[in-house]
Amino acid sequence: MIAIVDYGMGNVLSVRHAFEKLGETVVVTDDKATLYQADIIVLPGVGSFQAAMKEIYSRDLYDLLIDLAKTKPFLGICLGMQLLFSEGTEGEVAKGLNLIPGTVRKINTDYILPHVGWNQLKISDMHPAFKSFEQTFVYFVHTYQAETDDRYIVAKSNYGEAITAIVRSGIFSASNSTQRKAPT
């Protein structure tokens, strides 16, 4: 079962529908017991870093999310990915989950913000899990991006500067996670 963390921010329904379309069993929840029972955790999000962290704290999810990210396959999407970092600078500086060292800051460009539109990924980590992303175009809608050590970066894009698009802090293999059939 895939558990999508419901912390009051953003795109949980579209993420749920995407996984269901792939034939996955999905639950949207902030219930601790249900999250611990899940095979995979997904942290989606749309909104501001600071507001999201306030919601995570108010729902008593901070320590739980850190524990789950250390013990289960954990996917952060959009703002959910940004929250994995040490801090975010949108509005007041806010502490993140600190699972990946780095800072989420405003894109430094003369281009119009937010960055909205299709952009090509440039893969820097050729781990087999990411090989199919080479030459892929993805749709962006964001004003902030993560700065981190290159060892965590899987792919970047460009919008007047290099933009961190995909990061990882570990790869779960069949020996330490539930094996999943790849979508066709």
Within this structure, what is the [atom1]-[atom2] distance for the pair [X] and [Y], rounded to the nearest 0.5 Å?
X   : Y   : atom1 : atom2 : result
T25 : M1  : OG1   : CE    : 8.5 Å
M81 : L75 : CE    : CG    : 10.5 Å
N11 : I77 : CG    : CD1   : 6.5 Å

Within the structure provided, determine whether M53 and L97 are in side-chain contact (heavy-atom separation under 4.5 Å).
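Yes; the side chains approach each other to less than 4.5 Å.
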Can you label the angle between the Y139 ring and the W118 ring as parallel, tilted or perpendicular, going by 30° and 60°?
perpendicular
Hydrophobic cluster (4.5 angstrom, side-chain heavy atoms) - remaining members for L113:
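Its cluster partners, ordered by chain and number, are I107, Y111, I112, Y159, I163.
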Only counting residues at least two apart or in another chain, list the ones meeting side-chain contact (heavy atoms from CB on, under 4.5 Å) with [X].
X    : answer
K122 : Q120
E55  : Y7, M9, S58, R59
N158 : none
N98  : S86

Residues that Y57 engages under side chain to side chain donor-acceptor pair (under 3.5 Å), provided they are two or more places apart
none
Would you say D110 has more than 12 foreign heavy atoms packed within less than 6.0 Å of its CG?
no
